[in-house]
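Just so you know, ligand 1 is whichever comes first in the structure, and atom 1 is the first atom listed for that ligand.
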Amino acid sequence: MIDVMKKVLAVFGTRPEAIKMCPLVLALKRTRGLECVICLTGQHKEMLAPVMDIFGIREDYNLDIMQPGQTLPSITVNVLNGLDGVLEKEQPDLILVHGDTTTSFTAALAGFYRKIPIGHVEAGLRTYNMHSPYPEEFNRQAVDLVAELYFAPTKQAAQNLLREGKKGENIYITGNTVIDALSLTVRNDYRNENLDWCKDSRLILLTAHRRENLGEPMCHMFRAIKRIIEECPDAKVLYPIHKNPKVRQVAREIFGGVERIRLIEPLDVIDFHNFMAHSYIILTDSGGIQEEAPSLGKPVLVMRDTTERPEGIEAGTLKLVGTSEENIYREMKKLLMDEKAYKDMSKAANPYGDGQASERIVRIIVDYLW
Ligand code: UD1
Ligand code: UDP
């Protein structure tokens, strides 16, 4: 049946997109009759490169657009301009984009302008609040306006798409490819010097980077964490800190000189997943971490007002705690002091799939293209 070669162009640019697209790219590359071309936008640089190395994947193009302190317009314009030349040259049969970044939105728009079908991996996540997360809610809704194939990670994501009037025959529930990645990274015999530093303490793993949290909300989060650490001598914080200079400045100002808080460089994905597996509590405003933690049974306090990942809340592993200092302080204290509250949140669950999402997506793409 597969006698004519077909070409799929995967476009991605940030760390989480790479973590979730690489398992799929590997599965596409194993598929007879399919050529998988990879275009990195370069929205991220140092934070993305280790992911490609770990999965052993080389890009065919890199638009190399990253600038320090980049703005949303600069990312949009540079990706759009750069990608159009790649589309002209490669003429793919399908473009795959992932999630909700400005790379995803702009790549979908570039495909739409050239009338090339778009497949959206991790489609259908919604808060229906355009300002939270910002600009991600716009990005993912905009991708879904022009997508042809919707790879929804969960039933709820598929239902969002159906409610919006997307055609049922174009929506597939596949699970999330991040769970495919997780099954490759967590190891029982993992060792690391930073984990040795925490071995007699309870490890609080922290990440924070969202654009809408830059400035005041981030100050509130960090002050709450500092207060709790000063009160709990058996807790330590590891914070692999995002490369964004605006995040680094606030973190250094508030955490500088606090003995039991370590600011470290971003971890590669193998390290990070193993740090998660060794942590006591995770504090984050990240999206992807909300999907990974339930599989590992790790309680997550989500420092946001909204989430597009209600499944983890329903599973009991995640709790939305907003960005006010008092609330974060209170919720952290509860988890650290109240054993029952901690136990109730430390249940492993798999709402985001069984680790086979990539294989499912490939089968759907093959059926679509031939
Ligand atoms: C982007 C995405 C966000 C996603 C996040 C994942 C948009 C608008 N935002 O946000 O949805 O959750 O990635 O991490 O698409 N930087 C480096 N090196 C890197 C990466 C970033 O130095 O490898 C610095 C640069 O100064 C850059 C800044 O971080 O300008 C911000 O990067 P950007 O991609 O604009 O925003 P993120 O907060 O990373
Ligand atoms: N992650 C990582 N190193 C780190 C912090 C996070 O590899 O130091 C991984 C994490 O396991 C998850 C993804 O990066 O898979 C989440 O990325 P991020 O928080 O940057 O973006 P979001 O998911 O919020 O879009």
message: For a ring-ring contact (aromatic ring centres under 6.0 Å, His included) check, start with the C-alpha distance between Phe222 and Tyr239, then their side-chain angles and the critical distance, and finish with the verdict.
response: CA-CA 11 Å; Phe222 293 170; Tyr239 180 9; 5.6 Å; yes

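In this structure, Ile171 belongs to a hydrophobic cluster whose other members, linked by side-chain heavy atoms under 4.5 Å apart, are Tyr150, Leu161, Leu162.
Side-chain contact, Thr102 with Gln43: no donor N or O sits under 3.5 Å from an acceptor N or O. Side-chain atoms of Asn194 and Arg262 form a donor-acceptor pair, as typed in the model, at a separation below 3.5 Å.
The shell of residues lying under 4.0 angstrom from ligand 1, judged by heavy atoms, excludes Asn139. No heavy atom of Glu17 sits closer than 4.0 Å to any atom of ligand 1. Ligand 1 lies nowhere less than 4.0 angstrom from a heavy atom belonging to Leu48. Residue contact check for ligand 1: Lys246 places no non-hydrogen atom closer than 4.0 Å to it.
The protein heavy-atom contact nearest to atom 20 (C) of ligand 1 is His44 CD2, 3.3 Å. Scanning all protein heavy atoms for the shortest distance to atom 3 (C) of ligand 1 gives Glu136 OE2, 3.1 Å. Protein heavy atom closest to atom 35 (O) of ligand 1, with residue, atom name and distance, is Gln70 NE2, 3.0 Å. At the shortest separation from atom 36 (O) of ligand 1 among protein heavy atoms lies Arg211 NH1, 3.1 Å. Among protein heavy atoms, atom 29 (O) of ligand 1 sits closest to Asn244 CA, 3.3 Å. The protein non-hydrogen atom at the shortest distance from atom 37 (P) of ligand 1 is His242 NE2, 3.7 Å. For atom 26 (O) of ligand 1, the closest non-hydrogen atom on the protein side is Gly69 N, 3.1 Å.
Per-residue contacts place Pro16 under 4.0 angstrom from the following atoms of ligand 1 (heavy atoms of the residue considered): 6 (C), 14 (O). The contact set between ligand 1 and Leu72, taken as ligand atoms under 4.0 Å from a residue heavy atom, comprises 8 (C). Atoms of ligand 1 found under 4.0 Å from any heavy atom of His209 (numbered from 1 in listed order, with element): 4 (C), 5 (C), 6 (C), 12 (O), 14 (O), 38 (O). The Glu46 neighbourhood of ligand 1 comprises atoms 17 (C), 18 (N), 19 (C), 22 (O), 23 (O), with distances under 4.0 Å to a heavy atom of that residue.
Between Tyr342 and Tyr280, the two ring planes are parallel [angle under 30°; tilted spans 30° to 60°]. Aromatic ring orientation, Tyr190 versus His278: tilted (interplanar angle from 30° to 60°).
Phe255 and Val250 fall within the same hydrophobic cluster, where Ile, Leu, Val, Met, Phe, Trp and Tyr residues are linked whenever their side-chain heavy atoms come under 4.5 Å apart, directly or through other members.
Annotation: Thr101 places no N or O atom under 3.5 Å from an N or O atom of ligand 1; distance criterion only. Ligand 1 has an N or O atom lying under 3.5 Å from an N or O atom of Met47, backbone or side chain.
A cation-pi geometry, defined here as NZ or CZ lying under 6.0 Å from the six-membered ring centre and within 45° of its normal, holds between Arg227 and Tyr329.
When Arg15, Met66, Gln43, Arg210 are checked for heavy-atom proximity to atom 22 (O) of ligand 1, Met66 turns out nearest. Nearest to atom 30 (O) of ligand 1 by heavy-atom distance, out of Lys243, Gln67, Arg248, Arg140, is Gln67.
Within the 4.0 Å heavy-atom criterion, neither part of Ser286 lies near ligand 1. If you look at Thr102 next to ligand 1, the close heavy atoms, those under 4.0 Å, come from the backbone and the side chain alike.
Listed as neighbours of ligand 2 are Arg15, Pro16, Ile19, His209, Arg210, Pro240, Pro266, Leu267, Asp268, Val269, Phe272, His273, Ser286, Gly287, Gly288, Ile289, Glu292, each bearing a heavy atom under 4.0 Å from the ligand.
Between the side chain of Lys347 and the backbone N or O of Asp344 there is at least one donor-acceptor pair closer than 3.5 Å.
Between Leu283 and Met303, the closest side-chain pair of non-hydrogen atoms falls below 4.5 Å.
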